[in-house]
Structures are given as C-alpha cells and as structure tokens.
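Below: one structure, written as structure tokens.
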Amino acid sequence: MGTDQDRAKGQVRGRVWDALMEARAVRDASVYGRIPDFIGAETAADLITRLPFWREARFVKAVPDRAQRPVRGLALAAGKVVYMAVPKLATPRPFYRLDPAELRIAPDQAAVSKTAAEVAPTVDVEHMEPVDVIVLGSVAVNRDGVRIGKGAGYSDLEFALLTEAGLVSPETVVVTTVHALQVVDEVIPAGEHDVGVDYVVTPEEIIACPAPHRPQGLYWDRLPPEKITAIPALRTRQAARNSR
C-alpha cells in the first residue's frame with residue numbers, strides 16, 4: 001500500500017506518460033514505467049552546453065537513461081569526467097568512472113550505458129571527486145524544480161550518498177532534460193528525500209528554478225530494510241553507524 005503522496009505522484013506520471021504516447025513524442029515502444037527517451041533529447045543536451053556552469057564543470061554525475069545519453073556524450077567530448085551509477089547500485093563500488101583521457105573509444109560510444117559498463121572502471125564514493133553538475137532523468141517536473149522519476153528512488157539515493165561524502169556542495173548544479181510535455185503546471189508532491197533541480201531544459205527552453213530542495217543526506221528512517229540489504233554502499237554505512 002502506497003502513501004497518499006505515492007499515489008499522487010503515480011497520477012502525475014500516468015498523465016505525462018499518456019500525453020507523450022499520444023503525441024508520439026518518444027522513441028520508446030512503450031514509455032510506461034520508465035524515464036522517457038524523448039524526441040529532441042539531442043537539442044536539449046546542446047542547450048545545456050551553452051550555460052556557463054557547464055563550460056566550467058570538470059566532473060559530471062549523470063544518470064544512465066537513454067534520454068540523457070546525448071548529455072553524457074557531450075560531457076565526454078568536452079573532456080569532462082562522467083560518473084554514472086551501476087544499475088540499482090548493486091556493487092560495492094557503485095559508480096562507473098568515464099575519463100575521456102583514458103577512453104579508447106569515441107565519446108558518443110562510451111556514453112551508451114551498456115558500453116560504459118564494459119569499458120569503465122567502477123569506483124566507490126570515497127574515491128570520487130566532488131561533482132560540479134548532476135544530470136537527472138525525469139518523468140515529470142514543474143517550474144519550481146520539483147521532479148518525479150519513475151518511482152524506484154535511485155537518483156535520490158545517489159544524491160544522498162554523494163552529499164554525505166561531501167561531494168555535493170551548494171555550488172553543484174542539478175539539471176534535468178525533458179520533453180516540453182513533461183513540464184507540468186501543477187504542484188508536484190515531494191518528500192524531504194526528493195532532489196529538486198536548478199534547471200529544467202527542454203528542446204525549446206531553459207527554465208531556471210527558484211531555490212530547489214536539496215536533501216541533506218540519507219534519511220535512514222525512510223529506507224526500507226530490503227533496500228538497505230540490496231545495496232552494498234548502504235549496508236556498509238549502516239554497519240558503520242551501528243558500531244559508533
């Protein structure tokens with residue numbers, strides 16, 4: 001049984017997925033249950049590269065979703081190191097590290113999530129550099145920077161892990177790329193663990209969001225025991241907490 005907030009988020013997701021499918025605005029055969037691979041993702045990625053924070057960034061943490069592949073490719077082509085999460089954070093070293101100086105394939109190839117998993121080493125949080133930009137995928141987002149993912153919560157967990165390790169600062173910019181149909185003019189329910197975005201970028205528009213919410217770390221009382229058990233990085237941190 002989900003909470004009222006979970007049900008409200010599900011309703012927003014359903015409306016957006018329906019609208020994208022009706023408009024044929026995605027490359028997915030079916031968009032339900034996933035981050036939409038929206039048409040125009042390449043244009044949205046190009047818009048990000050025109051922003052000052054992007055030009056100055058050296059380290060980018062990006063989701064592995066297809067819609068954000070163009071952003072990952074442009075980051076690598078510009079010489080930026082890209083961190084990408086291992087699926088479901090299922091390994092003790094939960095992030096791939098893509099360093100353009102060490103790659104032997106083209107940036108657009110390395111940006112493919114399956115290829116990255118084959119060519120990039122994994123690292124633990126303690127061996128990552130502070131990140132300048134975090135790129136998120138979204139199902140829906142509003143102009144206040146409140147976003148909804150597909151419901152698994154991994155982007156929020158990744159952000160929390162980086163925050164607790166001191167790798168996210170007030171200067172770290174959080175951005176999401178979406179289709180215009182994913183930008184909703186309504187209040188989106190959010191919890192204290194949900195990550196807000198500084199910028200929403202569509203193929204047509206760059207939206208700066210006022211004072212988005214930033215979680216301060218892991219909220220252990222909100223983590224289901226089965227999720228802690230399934231994620232080695234969480235198990236390790238919980239054990240360290242319990243031994244204090």
Side-chain angles (χ1 to χ4, degrees), residues 1-45 47-48 60-72 84-85 87-89 111 113 133-160 173-209 212-215 219 222 224 227:
M1 291 288 291
T3 65
D4 290 343
Q5 188 179 100
D6 292 334
R7 287 188 286 273
K9 287 181 178 180
Q11 290 171 358
V12 175
R13 289 188 191 97
R15 289 195 293 271
V16 170
W17 283 329
D18 287 345
L20 289 168
M21 291 299 290
E22 184 176 350
R24 298 183 180 179
V26 292
R27 298 183 178 92
D28 308 276
S30 172
V31 77
Y32 298 98
R34 64 182 67 194
I35 300 296
D37 185 14
F38 65 95
I39 294 170
E42 296 81 5
T43 303
L47 284 181
I48 290 180
V60 175
K61 187 269 171 189
V63 292
D65 301 286
R66 277 189 244 172
Q68 285 67 48
R69 173 186 170 184
V71 185
R72 298 192 298 271
M84 189 176 70
K88 298 184 178 181
L89 300 171
S113 57
V133 177
I134 294 177
V135 181
L136 298 181
S138 302
V139 173
V141 64
N142 65 22
R143 291 175 180 270
D144 291 325
V146 183
R147 64 170 285 280
I148 300 176
K150 60 188 177 184
Y154 288 106
S155 288
D156 296 326
L157 273 177
E158 293 157 23
F159 187 95
V173 178
V174 184
V175 59
T176 189
T177 55
V178 293
H179 191 277
L181 290 172
Q182 294 173 256
V183 182
V184 299
D185 293 320
E186 61 184 279
V187 174
I188 294 178
E192 59 183 348
H193 63 283
D194 291 320
V195 181
V197 300
D198 297 287
Y199 290 92
V200 178
V201 182
T202 77
E204 301 83 19
E205 185 179 15
I206 297 171
I207 303 167
C209 306
H213 176 66
R214 294 278 183 100
Y219 295 89
R222 307 293 177 87
K227 181 153 280 188

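The chain is numbered in sequence order, starting from 1. Note: hydrogens, waters and symmetry copies are ignored here, and every other heavy atom, side chains too, is used.
A salt bridge is defined here as a Lys NZ or Arg NE, NH1 or NH2 lying under 4.0 Å from an Asp or Glu carboxylate O, and D194 with K9 meets this definition. With respect to the salt-bridge test (charged N to carboxylate O, under 4.0 angstrom), the residues R15 and D18 do not qualify. In this structure, R13 does not pair ionically with D6, as no charged nitrogen and carboxylate oxygen lie closer than 4.0 Å.
T202 contributes atom OG1, which lies 8.0 Å from atom CZ of F38 (distance to the nearest 0.5 angstrom). Between atom CZ of residue R66 and atom CZ of residue R27 there is a gap of 10.0 Å, rounded to the nearest 0.5 Å. Once rounded to the nearest 0.5 Å, the distance linking CD1 of I148 with CD1 of I188 reads 4.5 Å. Here L47 contributes atom CG and I206 contributes atom CD1; the two are 5.0 Å apart, rounded to the nearest 0.5 Å. Summarising the geometry, atom CE belonging to M84 is positioned 10.5 Å from atom CD belonging to E158; distances are rounded to the nearest 0.5 Å. A distance of 8.5 Å separates NZ of K150 from OG of S155, quoted to the nearest 0.5 Å.
Shown here are the ring pair (Phe, Tyr, Trp, His ring centres under 6.0 Å) partners of Y154, two or more places apart in sequence or in another chain: there are none. Scanning for side chain to side chain donor-acceptor pair (under 3.5 Å) contacts around Q182 gives an empty result, with sequence neighbours left out.
For the residue pair Q5 and G191, the shortest heavy atom distance occurs at OE1-N, 3.5 Å. Nearest heavy-atom pair, C209 versus V200, reported as atom, atom and distance to 0.1 Å: SG-CG2, 3.8 Å. Nearest heavy-atom pair, V12 versus A140, reported as atom, atom and distance to 0.1 Å: CG1-CB, 3.7 Å. A pairwise comparison of heavy atoms in A85 and P64 identifies O-CG, 4.4 Å as the closest pair. Shown here for A23 and L181, the closest heavy-atom pair between the two residues is CB-CD1, 3.6 Å. For P212 against D198, the heavy-atom pair with the smallest separation is CG-OD1, 3.3 Å.
The 12-atom threshold is not exceeded at CD of E22, counting heavy atoms of other residues, nucleotides or ligands nearer than 6.0 Å.
Using a distance-only test at 3.5 Å, with no hydrogens or angles considered, a donor-acceptor pair links the side chain of W17 to the main chain of R34. Side-chain atoms of H179 do not come within 3.5 Å of backbone N or O of G40 as any donor-acceptor pair. With hydrogens and angles disregarded, no donor-acceptor distance shorter than 3.5 Å links the side chain of D37 to the backbone of V26.
The side-chain hydrogen bond (donor to acceptor under 3.5 Å, both in side chains) pairs that include a residue from residues 136-149 are S138-R147, S138-T176, R143-E205, where partners are two or more places apart or lie in different chains.
Within the 4.5 Å cutoff, side-chain heavy atoms of V174 are placed close to those of R214. Side chains of F159 and K61 form no contact here, defined as non-hydrogen atoms less than 4.5 Å apart. Between V197 and L136 there is a side-chain heavy-atom pair separated by less than 4.5 Å.
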Practice task
Check the pair I134, V173 against side-chain contact (heavy atoms from CB on, under 4.5 Å), reporting the backbone distance first and the verdict last.
Solution key: CA-CA 6 Å; I134 294 177; V173 178; over 6 Å; no

